[in-house]
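Just so it is clear, the values below take in all heavy atoms, side chains as well, and ignore hydrogens, waters and symmetry mates. Each chain gets a letter, A, B and so on, in the order its sequence line appears, and its residues count up from 1. Nothing here was measured: the structure is a model prediction, and the numbers come from that model.
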Amino acid sequence: MNFNERCYSILRKVPRGKVVTYGDLAKAAGSPNAARAVGNAMNRNPYAPQVPCHRVVGSTGKMVGFAEGVSKKIKMLKEEGVEVMDGNVDMDKYFYT
DNA sequence: CATATGACACTAT
DNA sequence: AATAGTGCCATAT
């Protein structure tokens, strides 16, 4: 099981309407400082619709990027009930602990 | 095997 | 408060 597959597995557990940060995801995957690598894994995302890669946001809840565009990402999150204001998510309410 | 790349995070201006 | 620069990790080429 390589690093990214671990990321996908973990990310897949994230419930709808919640979000996680790259850093925490990386930490959960076993490499606390591999936030960047996580983003890379999401970018290639071999498990396209299976993994909720759109539920991954920056450490501050700020939208960082998305393969199809941040706009799309925000749209999807809103569809799940996550409030996104000016590209930012309310961490205290939607962060997956 | 070595170099380059990127959807991050943090510190210093 | 906003912007720029630096460090880190795993993958792809």
**OP:** Starting at the 5' end of nucleotides 4-13 of chain C, put B wherever the base has a protein heavy atom under 4.0 Å, S where only the sugar-phosphate does, and a dash everywhere else.
**Re:** ---BBBBSS-
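Rounding to whole angstrom units, CZ of residue A/Phe66 and P of B/dA7 are separated by 12 Å. The CG atom of A/Leu25 sits 10 Å away from the P atom of B/dA9 (whole-angstrom rounding). Counting to the nearest Å, the P atom of B/dA7 and the OH atom of A/Tyr47 are 21 Å from each other. Look at NZ on A/Lys27: it is 12 Å from P on B/dA9, rounded to the nearest Å.
Ring geometry for A/Tyr8 against A/Tyr47 counts as tilted: the plane angle lies between 30° and 60°, on a 0 to 90° scale.
Surrounding NZ of A/Lys62 are more than 12 heavy atoms belonging to other residues, nucleotides or ligands, all under 6.0 Å away.
Cluster membership for A/Val64 and A/Phe66, using ILVMFWY side-chain heavy atoms within less than 4.5 angstrom, is not shared.
Judged as a salt bridge (charged side-chain N to carboxylate O under 4.0 Å, His left out), the pairs with a partner in residues 73-89 of chain A (not counting sequence neighbours) are, in order, A/Arg55-A/Glu80.
Heavy-atom minimum distance, A/Phe3 versus A/Ala37: CE2-CB, 4.0 Å. Counting all heavy atoms, side chain and backbone alike, A/Ala26 lies closest to A/Ala34 at CB-C, 3.6 Å.
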